Asks: 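Pasting a structure below so you can have a look.
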Amino acid sequence: GWAGEGPGAGGKNRQVCHAAARLEMGSLWEEFNRLGTEMIVTKAGRWELGWPGGLQRWGGTPLPPPSLCRRMFPTFQVKLSGLDPLADYVLLMDFIPLDDKRYRWGWGNGGRGPDLGELSPSLPCRYAFHSSSWLAAGRAEPAAPGRVHFHPDSPAKGAQWMRQIVSFDKLKLTNNLLDDNGHIILNSMHRYQPRFHVVFVDPRRDSERFAHQNFKSFSFPETQFMAVTAYQNHRITQLKIASNPFAKGFRDGDPEP
């Protein structure tokens with residue numbers, strides 16, 4: 001459905017107060033979310049379908065080189081409504097930590113996904129062992145440098161943004177703290193929430209005075225994910241193969257896990 005209210009929607013400029021965003025491929029995001037979505041981060045920037053442990057084949061079928069599959073998957077895409085057709089807008093995304101914990105993947109609870117078990121009194125900020133799920137393993141590492149990703153078509157008229165689906169298929173993730181390519185920097189084994197922002201380009205000379213009124217933000221809980229350097233949950237790997245269009249070459253071979 002449509003997300004009509006983002007954080008701090010009250011007191012907004014009329015050019016953004018009615019803005020609404022609908023997440024595309026919502027059912028696919030929800031399917032990943034039920035398993036506990038994982039996104040690969042690498043030193044060179046995100047390479048989707050970067051196979052765990054240097055895996056080269058899946059069920060006897062060769063896997064495509066990770067360098068052929070650069071896009072974040074599922075791709076973050078939204079359909080917008082409620083913008084002023086004649087006003088200019090900038091669209092951008094950022095990623096915020098979901099909590100102050102670092103995680104690890106354990107085994108033993110039947111692969112239920114992101115069940116974190118129960119707090120262990122003998123291990124501060126750690127959780128009792130429940131395997132085959134994500135477990136809190138300690139306090140989060142210092143936050144990576146905050147960055148935003150601007151949609152490359154920004155700025156553009158509201159009419160253009162509303163005419164078609166807005167896709168952030170150029171967005172890349174990395175865990176390289178020294179990255180100078182403008183990629184989003186995240187810590188691996190930490191959980192994140194993507195955020196989407198619509199910013200009205202205010203033509204007034206003193207527009208900075210109204211900056212807090214000129215944007216609206218949207219968060220979709222089903223897009224939360226764990227940043228990893230290699231997939232931990234084999235079900236995530238299977239779902240990526242089954243649903244990513246770049247995986248068609250070895251899906252057609254009907255490989256068995």
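Since this is a predicted model, take the numbers as computed values, not measurements. The figures here come from the full heavy-atom set of this structure, side chains too, leaving out hydrogens, waters and symmetry mates.
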Asks: Identify the two heavy atoms, one from His18 and one from Lys216, that lie closest to each other, and give their separation to 0.1 Å.
Replies: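 Heavy atoms of His18 and Lys216 come nearest at C-NZ, 4.3 Å.
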Asks: Look up atom CD1 in Ile236 and atom CD1 in Ile241, then write down how far apart they are to the nearest 0.5 Å.
Replies: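 Atom-to-atom, Ile236:CD1 and Ile241:CD1 are 11.5 Å apart.
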Asks: Run the numbers on Trp161 and Asp153 for side chain to side chain contact (heavy atoms under 4.5 Å, CB included), then give the verdict.
Replies: CA-CA 9 Å; Trp161 291 125; Asp153 293 341; 3.7 Å; yes
Asks: Mind telling me whether Tyr192 and His190 have parallel, tilted or perpendicular rings, with 30° and 60° as the class edges?
Replies: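 Tilted.
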Asks: Between Arg191 and Trp134, is any pair of side-chain heavy atoms under 4.5 Å apart?
Replies: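 Arg191 vs Trp134: side chains apart.
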Asks: With a 4.5 Å cut-off on side-chain heavy atoms, are Lys157 and Leu86 touching?
Replies: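 Not in contact.
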Asks: Considering non-hydrogen atoms only, spot the tightest contact between Leu23 and Val78 and give its length.
Replies: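 So the minimum-distance heavy-atom pair works out to CA-CG1, 4.3 Å.
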Asks: Report the distance from atom CG of Leu171 to atom CZ of Phe150, rounding to the nearest 0.5 Å.
Replies: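 Between Leu171 CG and Phe150 CZ, I get 12.5 Å after rounding to 0.5 Å.
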Asks: Linking I/L/V/M/F/W/Y whenever any side-chain heavy atoms sit under 4.5 Å apart, do Phe210 and Val201 land together?
Replies: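 Looking at the clustering, Val201 is in a separate group from Phe210.
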Asks: Report the distance from atom CZ of Arg139 to atom CG of Asp100, rounding to the nearest 0.5 Å.
Replies: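 Output value for this atom pair is 6.0 Å.
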Asks: Do Ile185 and Met39 belong together in a cluster built from hydrophobic side chains that touch within less than 4.5 Å?
Replies: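 Cluster IDs for Ile185 and Met39 differ.
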Asks: Less than 6.0 angstrom from the centroid, inside 45 degrees of the normal: does Lys240 satisfy that with respect to the ring of Phe32?
Replies: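 The answer is yes; both the distance and angle limits are met.
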Asks: Report yes if some heavy atom in the side chain of Ser188 is under 4.5 Å from a heavy atom in the side chain of Arg102; otherwise report no.
Replies: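 Contact flag for Ser188/Arg102 side chains = no.
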Asks: Do the charged groups of Asp94 and Arg147 touch, with an N to O distance under 4.0 Å?
Replies: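 No, Asp94 and Arg147 are not salt-bridged.
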Asks: Taking atom CH2 of Trp29 and atom CD of Gln77, what is their separation to the nearest 0.5 Å?
Replies: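 These two atoms lie 9.5 Å from each other.
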Asks: Is there a donor-acceptor pair under 3.5 Å between the side chain of Lys170 and the backbone N or O of His151?
Replies: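 The answer is no, because no donor-acceptor pair under 3.5 Å joins these two groups.
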Asks: Within a radius of less than 6.0 Å around CZ of Arg204, do more than 12 heavy atoms belonging to other residues, nucleotides or ligands occur?
Replies: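 Count over threshold, so yes.
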Asks: Ignoring hydrogens and geometry, is there a side-chain-to-backbone donor-acceptor pair from Trp105 to Asn233 under 3.5 Å?
Replies: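 No, the answer is negative, given that no donor and acceptor are paired below the 3.5 Å cut-off.
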Asks: Is any side-chain heavy atom of Asp84 closer than 4.5 Å to one of Tyr89?
Replies: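 Yes, at least one pair of side-chain atoms sits under 4.5 Å.
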Asks: Looking at every heavy atom in both Ala87 and Gln15, which two are closest together, and how far apart are they?
Replies: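 So the two residues come closest at CB-CG, 4.0 Å.
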Asks: Checking Asn33 side chain against Gly36 main chain: does a donor-acceptor pair fall under 3.5 Å?
Replies: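 Not at all, since once roles are kept as given, no pair shorter than 3.5 Å links the two residues.
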Asks: Just so I know, are the side chains of Ser217 and Arg195 near enough to count as touching, which here means a heavy-atom distance under 4.5 Å?
Replies: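 With C-beta onward as the side chain, the pair stays apart.
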Asks: Between Phe225 and Phe95, is any pair of side-chain heavy atoms under 4.5 Å apart?
Replies: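 The answer is yes, as the side chains (C-beta and beyond) meet within the 4.5 Å cut-off.
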Asks: Show the nearest heavy-atom pair for residues Pro142 and Asn187, with the distance to one decimal.
Replies: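 Distance-wise, the nearest heavy atoms are O-ND2, 3.0 Å.
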Asks: When rounded to the nearest 0.5 angstrom, what distance separates OG in Ser243 from CE in Met25?
Replies: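 Rounded to the nearest 0.5 Å, the OG-CE separation comes to 9.0 Å.
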Asks: Rounded to the nearest 0.5 Å, what separation is found between the CZ atom of Arg14 and the CZ atom of Phe200?
Replies: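 Those atoms lie 7.5 Å apart.
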Asks: Is the ring pair Phe196/Phe76 parallel, tilted or perpendicular, if the boundaries are 30 and 60 degrees?
Replies: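 Answer is tilted, since the angle falls between 30° and 60°.
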Asks: Report yes or no: do Leu98 and Ile40 belong to one cluster of Ile/Leu/Val/Met/Phe/Trp/Tyr joined by side chain heavy-atom distances under 4.5 Å?
Replies: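 Leu98 and Ile40: separate clusters.
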Asks: Could I get the full list of side chain to side chain donor-acceptor pair (under 3.5 Å) partners for Thr223, not counting sequence neighbours?
Replies: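 Per chain and number, Thr223 pairs via side chain to side chain donor-acceptor pair (under 3.5 Å) with Gln193.
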Asks: Taking all non-hydrogen atoms of both residues, which atom of Met226 and which atom of Met189 are closest, and how far apart?
Replies: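 Scanning both residues completely, I find the closest heavy atoms to be SD-C, 3.7 Å.
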Asks: On a heavy-atom basis, which atom in Asn214 and which in Asn13 lie closest, and how many Å separate them?
Replies: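 Closest approach of Asn214 to Asn13, heavy atoms only: OD1-ND2, 3.1 Å.
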Asks: Mind checking whether Tyr103 and Ser133 have side chains closer than 4.5 Å, heavy atoms only?
Replies: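 Sidechains of Ser133 and Tyr103: no contact.
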Asks: Indicate if Val90 and Val148 have the same hydrophobic cluster label, given that clusters are the connected sets of ILVMFWY residues with side-chain heavy-atom separations under 4.5 angstrom.
Replies: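 Same hydrophobic cluster.
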Asks: When you measure from the side chain of Gln164 to the backbone N and O of Met162, does any donor-acceptor pair fall under 3.5 Å?
Replies: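 No.
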Asks: Does any N or O in the side chain of Thr42 come within less than 3.5 Å of the main-chain N or O of Thr174, such that one atom is a donor and the other an acceptor?
Replies: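 No, because the side chain of Thr42 does not come within donor-acceptor range (under 3.5 Å) of the backbone of Thr174.
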